[in-house]
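Below is one structure, written out as structure tokens; the observations come after it.
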Amino acid sequence: MRIRLRGGRVLDPTNRENAVARDVEFVDGRVVAPTGERADAEYELGGAIVMAGGIDLHSHIAGGKMNLARLLMQEDRRAYPEKILPGMSGSFCGCGGGRAVPTAHATGCRYAELGYTTVFEPAMLGSNARSAHLEMADIPNLDTGAYLVLGNDDFILRLIARGAPQEEINAYVGWMLKATQAFAIKIVNPGGINAFKFNARKLDLDEANPHYEVTPRTVLTTLIRAVTELGVPHPIHLHGCNLGVPGNDETTLATIAATEGRRLHLTHLQFHSYGTEGDRRFSSSAARIAAMVNANPNISVDVGQVMFGQTVTASADYMSQYRNRGLANPKKSIGMDIELDAGCGVVPFEYRDKNFVNALQWAIGLELFLLVEDPWRIFLTTDHPNGGPFTTYPHLIRLLMDRDFRNAQLATLNKTAQAHTLLGGITREYSLEEIAILTRAAPARILGLADKGHLAPGAVADIAVHDENADREAMFSKAKLVFKDGRLIVRDGEVVDLAPGTTHVVRTEFDTAIEGKLDAWFDRTVGLKAKHFRIADGELRGGRGPTVLTCVGGAS
Amino acid sequence: MSSETSAGAPLIVKDVVCGFCGLGCDDLVVEVAGREVRPKASVCPEAARLLRRLEPAGEAGPVTDEVYDQARRLLDVARAPVFAGLGADIEGGRAILDLAIRHGGVLDHAASDGLFANYAAVQRTGWLSTTLAEVRNHCDVLLVIGEDPAAAFGRFFERALPAEALFAASRHVIVLGGSLGASARRQLGGATVTELAADDPVAALAALCQMVSGPAPRGASFGGAAAEALAEAAAALKGAAYAVAVWNAGSLDRADLIAERATRLVDALNVTTRAGVFPLGGRDNVIGINQLLLWRLGYPLRTAIRGEASEHDASLYATGAALKDADLLVWVSAFRPEPPPAFDGPVIVIGHPDTEFATPPDVFIPVGTPGVDHAGTVFRMDSIVSLPLGALRVATLPSVAEAVRRLEPVR
Ligand code: SF4
Ligand SMILES: [Zn+2]
């Protein structure tokens, strides 16, 4: 099946094409060099922008904590009922609904309408991995993958505490990546979730875990070394210590310094950029932190922008979520210690523009976006749903691209917050090309997905077409056309088909001598046998199995 | 463990995963000889009964196309079907959900009463909970509310409070409003057990909760439990490094109130120490089917699909209530031979081959048992861990998923 898109303008930063007028052609789900051959279908684009499908590298779309959030926030589901899809010839697919925690189908459909075709779940617990994969199998129109949460599990803390050699740590990480069918390693509050189980209420970067006496710094550097040596393309994806705590700016700066030049991704940086200046003892440290990010090319970040309105926060960071549960709105929350593995906390939240803290959080996120200079090292996220649902991305894009619009929004916020942000004085506006970098080219690069995020021959035919519109929110709210693996799934902002996605996983080499130890650990301590913990390829995507990226181990 | 025998030679299969009660034991040993299955070791009485296959000769065989046709006709004319029982693995659940989406109808599980009693508490305030491996290794004081957990979850104490723990220095079990049987005591070995009789566990628990969170209420006894004994229990809970509260909402009167008070108790304990609720339940994959509905429909069980939308109501769409307005009952029970509830209208049963019926259903499609006849996924009671069931023998009957997919319209 040969499909040709005619008369579009190609925006492909990976291949340095900035709105280049040319045809795009794909055959059986892969981009090919344009030919003169007869196509099975042709689309006349009339100058519309053609990009690779969007890639979200941090969005909570599957797993137990999302189901807990759905259970807790039935009001979200009721307020956003099933969307009728006229393009689906009226056929009801049981697609569910919801906004802050949409159902699997709604997740796939809403993302597709925005032109996204690949999304990574950034906090999969090993103990919950099978469930997360079952759920991902039911997400249509998106390729997915998941980052495995490590660093709070008692197995690794025991290894570190007894000074196990790095090779043994690496073997464990390699085994876990394979067993849980994961794509990268995430650390959430390094060792802090574990410390909470021993009744510690906070854990700073150099504070020892009350039981293991291991510090977050050691957990972090040990795991950075592990993924580096195993050759996992994506660096450690870190949700740092002290999330949301005023004064955590110092922790964040110290964390960057702790990498000593090794690669590290700091996620939802906005929640980790808080100073303690001013009467309210809450201030923006975005400028300091952005300067440090700019000066350290080994660091990449995503923002976790706060967007006003009702949402629900769901995180493995039970320690922090427990601390924040008093802020729950509506007043209810769930917390859970999980399986000698990690934890989870679900706290509904309403970000209000007239609230000083919330307004400043909004401004801090935008400051980070605008002050971090290299668009290849910063990613567009709201930490869905924690800062706000992903469906707010078009609005966020306009805030970045349109200074007048941004300042007009700023002027409506809490007055004190306005006085505490540099935002009004920042003149930068993102270009379309930069948005394309943030939302597809750069994520593909940092994830090591060579055939995604661009439109050169050989690329996966995940393609989003948007009509040019000076109102960037309108432009990005509804894709004109979206193709998934070469199949048309969205037309004029409406889902017209459901395509099955795949799930990306990585495989590394590892020393299998670890298996005997893991067998004993799971059987005797966890109470579940390692072989039943392990997920077979056939359990993914309804038997179709994963898409495997084989890692080539390197020196540290 | 997936292992099949083709010939008649007995084969010992180890590490069999059990999907019956929701506790998720995965170390069972069974002997398989041809079509016969005999539980051998690490098996509780419930699992032994449900795994055993001794006279396979008399087993019901697969039904003919005509039977499926008849079921399809009943579904086609039904305006308000109820899909209940729902004792199926995840794949079976997916197939039933797709069927319900096509025909409309109410979805509920046979074991959902306890779940919704607990949800009354969760959805109002949320709760702080924990999972099995945490209980095994952290829990030093376990509060049991109501009956002996080993009654419905045979190996509970062996699994939750083994003698060896990574962190718990000692084990103390406090039973409020119940007593432990011989099996529980045997499993507990050297743990300390305190039994606190209470004729009104809700009142006793409320008092205990108050004693933990603030000044003790005035009175000599609460709900039939002596104030002094309750105060001792409160002190033990507050002194615990990691206290856990368990109850089986499916077997308790006023379970919603128990859940609500246990939640408050654990909230209060977490102010100074660590604690979690560990609600017992999860028979026949009720948790897995509930999880599936949550990610597919956004609602838990007891949800109706009508037109092009779904709607959840924990009382209106409970099986009993929903059947009052139904014109077809589709009853699914693959794990055990459980007959459908009485119903005036037509009944389709997709169930265990040994099911005995007071009134024969209009259509009976016998299906294999997940974990005996075919592989499948089930969830553990904590809703976090799910397990791969294996097949022990060659299936002669379809799985629920296979049977239900055959009910899709012929294209
Ligand atoms: S206690 Fe439950 S899971 Fe364990 S063997 Fe018995 S029925 Fe199976
Ligand atoms: Zn996140």
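A note on names: the letters A, B, ... follow the listed sequences, proteins ahead of strands, and every chain is numbered from 1.
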### Message
Determine whether Tyr119(B) and Leu72(A) satisfy the following criterion, side-chain contact (heavy atoms from CB on, under 4.5 Å), listing intermediate values before the conclusion.
### Response
CA-CA 9 Å; Tyr119(B) 282 177; Leu72(A) 192 66; over 6 Å; no
### Query
How many angstroms lie between atom NE2 of His133(A) and atom OG1 of Thr377(B), to the nearest 0.5 angstrom?
12.5 Å
### Task
Give the member of Thr273(B), Leu292(B), Val122(B) that has the highest number of heavy-atom pairs under 4.5 Å with chain A.
Thr273(B)
### Query
Heavy-atom distance under 4.5 Å between the side chains of Phe196(A) and Arg274(B), does that happen here?
yes
### Query
Which of residues 125-134 of chain B have a heavy atom under 4.5 Å from any heavy atom of chain A?
Thr125(B), Gly126(B), Trp127(B), Leu128(B), Ser129(B), Thr130(B), Thr131(B), Leu132(B), Ala133(B), Glu134(B)
### Task
Drop me the distance from Leu528(A)'s CG to Leu387(B)'s CG, to the nearest 0.5 angstrom.
5.5 Å
## Note on the structure
In short, Arg130(A) meets Ser386(B) closest at the heavy-atom pair NH1-O, 3.0 Å
### Query
Would Arg94(B) and Asp138(A) pass as an ion pair if we require N to O under 4.0 Å?
yes
### Any side-chain heavy-atom pair of Leu340(A) and Arg136(B) under 4.5 Å
no
### Query
Picking from Asn67(A), Ile61(A), Ile139(A), Val101(A), what satisfies side chain to side chain contact (heavy atoms under 4.5 Å, CB included) with Trp295(B)?
Asn67(A)
### Query
Counting heavy-atom pairs under 4.5 Å to chain B, which of Arg158(A), Glu539(A), Arg325(A) comes out on top?
Arg325(A)
#### Entry: Nearest heavy atoms of Thr103(A) and Leu297(B), plus distance in Å
CG2-C, 3.3 Å
### Smallest separation among heavy atoms of Leu71(A) and Gln123(B), with atom names
O-NE2, 3.0 Å
### Task
Would you mind telling me which of Met336(A), Arg78(A), Arg77(A) has the largest number of heavy-atom pairs within less than 4.5 Å of chain B?
Arg77(A)
### Query
Just wondering, do Asn128(A) and Val385(B) contact through their side chains at under 4.5 Å, heavy atoms?
no
### Task
Select one option (side chain, backbone, both, neither) describing which atoms of Asp154(A) are under 4.5 Å from chain B's heavy atoms.
side chain
### Message
For Ser310(B) and Glu82(A), which I'm curious about, is there any donor-acceptor pair between the side chains at under 3.5 Å?
### Response
yes
### Task
Just do the side-chain contact (heavy atoms from CB on, under 4.5 Å) check on Leu134(A) and Gln291(B) with the steps written out, would you?
CA-CA 10 Å; Leu134(A) 284 170; Gln291(B) 292 286 314; over 6 Å; no
### Message
Is any side-chain heavy atom of Lys332(A) closer than 4.5 Å to one of Arg124(B)?
### Response
no
### Task
Please look at Thr272(B) and chain A and tell me whether the side chain, the backbone, both or neither of the residue comes under 4.5 angstrom of a heavy atom of that chain.
backbone
### Any donor-acceptor N/O pair, Arg296(B) side chain to Ala104(A) backbone, under 3.5 Å
no
### Query
So which part of Asn290(B) gets closer than 4.5 Å to some heavy atom of chain A, the side chain, the backbone, both or neither?
neither
### Task
Please name the pair of heavy atoms, one in Asp27(B) and one in Lys529(A), separated by the smallest distance, quoted to 0.1 Å.
CB-CE, 3.7 Å
### Message
Per the salt bridge (Lys or Arg N to Asp or Glu O under 4.0 Å) rule, what does the pair list look like for residues 63-74 of chain A, sequence neighbours excluded?
### Response
Lys65(A)-Glu121(A), Arg70(A)-Glu135(A)
### Task
Report the residues that fulfil salt bridge (charged side-chain N to carboxylate O under 4.0 Å, His left out) with Arg380(B), sequence neighbours left out, ordered by chain and then residue number.
Glu339(A), Asp382(B)
### Message
Report, in residue-number order, which members of residues 153-164 of chain B are under 4.5 Å from chain A by heavy-atom distance.
### Response
Arg159(B)
### Task
Check whether Phe533(A) gets within reach of chain B through its side chain, its backbone, both or neither, counting any heavy atom under 4.5 Å.
neither
### Part of Phe379(B) lying under 4.5 Å from any heavy atom of chain A
side chain
### Task
Identify the heavy atoms of Arg201(A) and Val271(B) that sit nearest to each other, and give their distance.
NH2-O, 3.9 Å
### Query
How many angstroms lie between atom CG of Asp337(A) and atom NE2 of His138(B), to the nearest 0.5 angstrom?
7.0 Å
### Query
What are the two closest non-hydrogen atoms of Asn137(B) and Thr525(A), and how far apart are they?
ND2-O, 3.0 Å
#### Entry: Among the listed options Gly64(A), Gly542(A), Gly97(A), Ser131(A), the residue most often paired with chain B at heavy-atom distances under 4.5 Å
Ser131(A)
### Message
Tell me whether Arg524(A) at atom CZ has more than 12 heavy atoms from other residues, nucleotides or ligands lying less than 6.0 Å away.
### Response
no
### Message
In the structure I gave you, are the side-chain heavy atoms of Pro388(B) and Arg534(A) within less than 4.5 Å of one another anywhere?
### Response
no
### Message
For Phe198(A) together with Tyr242(B), are the ring centres under 6.0 Å from each other?
### Response
no
